[in-house]
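Predicted, not measured: the structure shown is a model, and the values here were computed from it. Naming: A, B, ... by sequence-line order, numbering from 1 per chain.
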Protein chains: 2
Amino acid sequence: MDTARNASVPLYRRVYEIVVQRIVSGELRPGAMLPSETDLGAELGVSQGTARKALIELEQSGVIERRQGRGTFVATTTPESALFHFFRLRRTDGTQAIPEPLEETVRKRRGTAKEVAVLGCDKGSSVFEIARVRSIDGRLVSRETSILQARLFPGIGDRGPLPNALYTLYQQAYGFAVVRAEEKLRAVPASEAIASALEIAEGTPLMEVERRALDITGRVIEFRLSLYVTDDLSYNVTLK
Amino acid sequence: MDTARNASVPLYRRVYEIVVQRIVSGELRPGAMLPSETDLGAELGVSQGTARKALIELEQSGVIERRQGRGTFVATTTPESALFHFFRLRRTDGTQAIPEPLEETVRKRRGTAKEVAVLGCDKGSSVFEIARVRSIDGRLVSRETSILQARLFPGIGDRGPLPNALYTLYQQAYGFAVVRAEEKLRAVPASEAIASALEIAEGTPLMEVERRALDITGRVIEFRLSLYVTDDLSYNVTLK
DNA sequence: AAGTGGTCTAGACCACAAA
DNA sequence: TTGTGGTCTAGACCACTTT
C-alpha cells in the first residue's frame, strides 16, 4: 500500500479497488476463495480491521460473499440467483413464478443508434439480438429481447439453445458478472406482432421493462426490453 | 447494557434497538441530535466502536443521518425527500417529474377485508380513504388512493387541503416515519371511471402500483393503490 | 479551539465449518 | 484441531463544522 499517494482516499477504499481489479483481471475468478482478512491485510500492509472494512463493503456491493467459518469468495451467479434476483415477477399470491423459455431466436446485426449509445460501443458496431418467449404455469407471459455487443460475446449465436438464466452464461462463458440493473417500467398496449406472439388481444396492457444490466465497473453488458402479461402476475419491488 | 442476558445477540444490535426505541417512543424526535459516538457508548456501557457500528447500521436503515463535524440526527422526512424518494416516475429523458395534486377527497369508512388485513387492524375497523388526482407538466397522470387506519390518524379528514407529500404529514402531525415501501406493479386497462377521471380513453394501459408503506417497526402505515399514465413517463428502479 | 464523525491500528476472544 | 469470519475494546489521529 505504499505506491499510491495519499490524496485523502481511505485505505480501505484502495483495498476495495485492488480486490475489484483482481476480479476484473481474472486473477480471481467467480467462486474463488479470497485470502483471509488477516492475510489480505498483511499482504497489502494494512491492519486486519481495514481489510475487513473493505471486504464488508465488497460484500454489500454484491461482489463477494462471506460465510463465517468458511471464508470469503468471489460472488457466483448461480442459475437460481441470476434468474430470481433480477426476475421480479411473482404470482398475485406472492409466490415465486418460474419462467420457462419456449421460443428463442438469436441473430447478429448492426446496432441501432440507441443500442450502441446504451452499450457504449462505436456507431455501426455489430450486436447480437436474443429474442425469447417465455411461459409461466403453461401460459405465455413474456417476450424479451436482449442486445449484446457482438465483440464481447463471440460465438454466442452458435451455441444452440441458451440456458434459462442468460446471466449465468455471460459469467461462465464470457466472464461478465451482472451485479446491478437499472430498469424503466411502463404500461403499453400490445402491438399486433406482440399480440400474436403471446396469443393475446391486440391492445392488451403489457408491462414494458427496459433494462440496463451492469457489471462491477459500471459498463452496460446487456440492454434488454421485456414485455410481460401481468394478468396473474405482478412485478415486485422494495424501496428503502 | 447489563440488564439483558446475552442470548448471542451482538452488543451493537442491542444499541441499535435501544436507539430505535427512543425514536419510536418520541424521546428522540425527527431532526433531534443524538449523543456523540463516545457519549452514547459511555452511557450504554459499550465502547465507542460498538456504538459507532450501531449508528452506521441505523444510518444504512435510513433511520438517522450522520454528517462529519456536525453530528448524528434522527432522519427527517422533508417534503422533497418524501416526495422523490418514494416517487419513482421520471420523464422519458430521465429528468425528475414534479407531480401536482389537482383534486382531493378524504372520507372515512369501514375498511374492506383486504384493507384491514394489510393494515393489520381489527375486522370492521374504520379507515380514512384519501383519493387524489395528480398532473405533471399540465397533463393528468395519476389517481392515487391511500388507506390509513382511522385510529392512528385522528382528524386527518378535517385539515383541509393536504400537502403534496403525505409522508411528511404522517411524520410531523402523527409521528409515523415511512422508511420502507413494498410495491407490486402491474399493467392494467383503464376502467370507465378511471378513464373519465384522467380524461383518457377507456382501456388505455395504466401502470398499477400497490404499495405498502412501512415504519421502523415494520408496521404498515399506509396502503396505497396508484394508477399512472405512462405515455411520457416511466417508473425507474435499480436492482442490486 | 472545541466537538463531531471518519479512519486506522493492534490485539483479544467468540462462533462456526471443515478436516 | 485449525482456520475462518464476527464481535468488542482502547486508543490514536485526521477531517470537517461550528463557535
Quick one: [X] [atom1] to [N] [atom2], roughly how many Å, whole number?
X	N	atom1	atom2	value
Phe73(B)	dG5(C)	CZ	P	8 Å
Leu11(A)	dA10(C)	CG	P	11 Å
Gln68(B)	dT18(D)	CD	P	12 Å
Glu37(A)	dA10(C)	CD	P	15 Å
Gln48(A)	dT9(D)	CD	P	16 Å
Arg66(B)	dA15(D)	CZ	P	18 Å

State whether [X] places a side-chain N or O below 4.0 Å from either non-bridging phosphate oxygen (OP1 or OP2) of [N].
X	N	value
Arg52(A)	dG5(D)	no
Thr50(B)	dT9(D)	yes
Tyr12(A)	dT7(C)	yes
Arg70(B)	dT18(D)	yes

Students often get this wrong, so: under 4.0 angstrom with heavy atoms, is Thr72(A) touching a base, only sugar-phosphate, or nothing?
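Sugar-phosphate, backbone atoms only, no base.
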
Residue met sooner reading DNA chain C from 5', once Lys53(A) and Gly69(A) are mapped to nucleotides
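Closest to the 5' end, via its nearest nucleotide, is Lys53(A).
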
Comparing Pro10(A) and Gly71(B) on DNA chain C - which has the more 5′ nearest nucleotide:
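The residue closer to the strand's 5' end, by nearest nucleotide, is Gly71(B).
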
- Message: Does this structure show an ion pair linking Glu37(B) with Arg66(B), if we count only N-O contacts that are shorter than 4.0 Å?
- Response: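 Counted as a salt bridge, because a side-chain N and a carboxylate O are separated by less than 4.0 Å.
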
Taking only the side-chain heavy atoms of [X] (C-beta and beyond), determine which of [options] contains the nearest atom.
X	options	result
Met33(B)	dT4(C), dG6(D), dG6(C)	dT4(C)
Ser47(B)	dT9(C), dC8(D), dA15(C)	dC8(D)
Val46(B)	dT9(D), dG6(D), dT4(C)	dT9(D)

Item to complete: Determine, step by step, whether Phe153(B) and Tyr174(B) satisfy the ring pair (Phe, Tyr, Trp, His ring centres under 6.0 Å) criterion, reporting the C-alpha distance in whole Å, the side-chain angles of both residues, the deciding distance to 0.1 Å, and the verdict.
Response: CA-CA 7 Å; Phe153(B) 293 89; Tyr174(B) 300 96; 5.0 Å; yes

Practice problem: Give a yes or no answer on whether the side chain of Asp122(A) reaches the backbone of Ser125(A) with a donor-acceptor pair at less than 3.5 Å. | Solution: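 Such a contact is absent between Asp122(A) side chain and Ser125(A) backbone.
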
From Arg132(A), Arg134(A), Arg211(A), residue fulfilling salt bridge (Lys or Arg N to Asp or Glu O under 4.0 Å) relative to Glu144(A):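 That would be Arg134(A); it is the only one of Arg132(A), Arg134(A), Arg211(A) passing the salt bridge (Lys or Arg N to Asp or Glu O under 4.0 Å) with Glu144(A).
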
Would you compute the distance between atom OG of Ser142(B) and atom CG of Leu102(B) and round it to the nearest 0.5 angstrom?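 Those atoms lie 9.0 Å apart.
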
